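One is the number of the first residue; the rest follow in order along the sequence. Remember, it's a predicted structure, so these values are computed and weren't measured experimentally.
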Amino acid sequence: MTVETRPARRLHRAWFVAAAAFVALLAAAGFRAAPGVLIDPLHEEFGWSRATIGSAVSVNLVLYGLFAPFAAALMERFGIRRVAATALCVVALGAGGTVFMSASWQLILCWGVLVGLGTGSMAMSFAAMVATRWFIRHRGVVTGVLTAAGATGQLIFLPLIASLAAGDGWRTASMVIAIAALAVVPVVLLAVRDHPADIGTVAYGAPEDAEVARPAPKVGTVRRGLSVLFQAARTRTFWLLAVGFAICGATTNGLVSTHFVPAAHDHGMPQTTAASLLALVGVFDVVGTIASGWLTDRVDPRILLGVYYALRGVSLALLPQLFTNSVQPSMWAFILFYGLDWVATVPPTVALCSRSFGEAGPIVFGWVFACHQLGAAFAASAAGAVRDQFGDYAIAWYVAAGLAVIASVASLSITRSRKSQLAVAA
């Protein structure tokens, strides 16, 4: 009698690629976490108004969003690994360059242009590309985990940046971010591969007899990105997603991420305490985004988006009454509630782009994400102007709450689609 033993199954390479992508996104998130805690130090040292500093943040957010669809097309042309490694080097250059600045235009160049382009190449379209190419099973969960990398990066870097800025100065904080970005480059080069076919396998969850074939590189990066945009813009689904995600950006990156710390400081709360609260938003966001990915595999994404935006509007409407010089239980409740909702919108939005636009889904999501960042850029500048004009941020919070309700209605209005609406681009 013989006993037949099966060889232990090796962990699919897709998980290693996802892990490396998580680390890369985590590092890229470091400098995006900096604006909220560096506004006051820059204002004190250079005398620049909050609106001026906010304009640099706006340039960063605009480029971060507008470059995302072209980054997705670049990844189709040159590969995920090359684009991600180059982007991290650009982030490091921009972060390190701020140490030597002495004029506001240099802030816009380094903080706005260089870091905006670098992080734009490592934006959520990068996460969508990895999840789409390497996963069929658990794609929603992987999208949620990779999206959460940004929040985790905020969790790691924000208290550190606040502590360094308060103790050693904002220049030291900037250099730490630059070094962290460079340290991740070898991880990307060693672990990430552009496509499962590069190592003779198929995406995780694909049938074992599926064809192992690498798609031909797409030429004409700009033309490809614009072609997909022009076709997607003819559909109602694209504009409803774009409106919702623009409001998503305005109510997260643009308003809360940039202005929560100075708003809390206006009420007597120490910057380090406020930064720690914002970092806790990142903690709960990790849980919320992963849970959202799990739900996206099981629940209609349109309903998820409608609920997420409505709940966000409620929390923002209550926020102005919660600021005090110390952390009260009501503020802890806001941090928990808002954190779970922070970027839980991403997995269902990615899913809707993939379902509605087929293989062009990652690029379409790049354009939708560009709208997210345009909304964020507008909110970053507008909220700074509101603070300069009225002496507090109250109006900004109330307007954001109303916009979130509009996003909820837009999301619920999306028509269910069963096939790609971009026959040519897909």
Side-chain angles (χ1 to χ4, degrees), residues 27-67 86-122 153-154 157-183 185 253-254 257-263 265-266 270-272 274-275 278 373 376-389:
F31 204 79
R32 295 205 309 274
V37 297
L38 297 186
I39 287 178
D40 285 341
L42 290 173
H43 173 71
E44 292 172 3
E45 178 170 338
F46 296 104
W48 299 332
S49 70
R50 289 175 176 82
T52 297
I53 300 171
S55 67
V57 178
S58 296
V59 171
N60 177 295
L61 293 172
V62 168
L63 291 178
Y64 176 65
L66 288 180
F67 197 68
T86 302
L88 287 167
C89 291
V90 174
V91 170
L93 178 62
T98 58
V99 173
F100 307 101
M101 67 183 181
S102 58
S104 58
W105 70 265
Q106 295 165 348
L107 174 68
I108 294 173
L109 174 63
C110 293
W111 196 346
V113 177
L114 291 178
V115 176
L117 291 175
T119 54
S121 300
M122 298 293 298
Q154 176 177 284
F157 283 105
L158 193 55
L160 175 62
I161 294 169
S163 178
L164 289 173
D168 301 310
W170 62 268
R171 289 178 175 82
T172 301
S174 295
M175 287 306 301
V176 168
I177 296 167
I179 293 170
L182 287 176
V185 173
N253 299 65
S257 182
T258 305
H259 294 285
F260 179 87
V261 173
H265 189 57
D266 284 345
Q271 278 198 325
T272 51
L278 196 55
Q373 294 308 110
F378 175 79
S381 293
V386 166
R387 171 61 178 79
D388 289 337
Q389 182 68 30

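In the displayed structure, Phe46 atom CZ is contacted under 6.0 Å by more than 12 heavy atoms of other residues, nucleotides or ligands.
Residue Asp168 holds its CG atom at 13.5 Å from CE of Met175, rounded to the nearest 0.5 Å. We find the CG-CG distance between Leu63 and Leu114 to be 9.5 Å, quoted to the nearest 0.5 Å. The distance from the OG atom of Ser174 to the CH2 atom of Trp111 is 7.5 Å, given to the nearest 0.5 Å. Annotation: the span from Leu117 atom CG to Asn60 atom CG amounts to 9.0 Å, rounded to 0.5 Å. In this structure, the separation between CG on Leu88 and CG on Leu93 is 12.5 Å, given to the nearest 0.5 Å.
In plain terms, the two heavy atoms of Cys110 and Gly94 that are nearest each other are CB-O, 3.5 Å. Considering all non-hydrogen atoms of both residues, Val185 and Cys89 come closest at CG2-SG, 4.0 Å. In terms of heavy-atom proximity, Phe260 sits nearest to Ala274 at CE2-O, 3.7 Å. Taking all atoms of both residues into account, the shortest heavy-atom contact from Ser257 to Leu278 is O-CD2, 3.7 Å. Here the closest heavy-atom approach between residue Arg171 and residue Met101 is recorded as NH2-O, 4.4 Å. Of all heavy-atom pairs spanning Ser121 and Phe67, the tightest one is OG-CE2, 3.0 Å.
Remark: the backbone N or O of Ser102 is paired with a side-chain donor or acceptor of Gln106 at under 3.5 angstrom. In this structure, the side chain of Thr258 engages the main chain of Asn253 through a donor-acceptor pair within 3.5 Å. Side-chain atoms of His43 come within 3.5 Å of backbone atoms of Trp48 as a donor-acceptor pair (strictly under, hydrogens ignored).
In this structure, His259 and Val386 have side chains that are not in contact, with every pair of non-hydrogen atoms separated by 4.5 Å or more.
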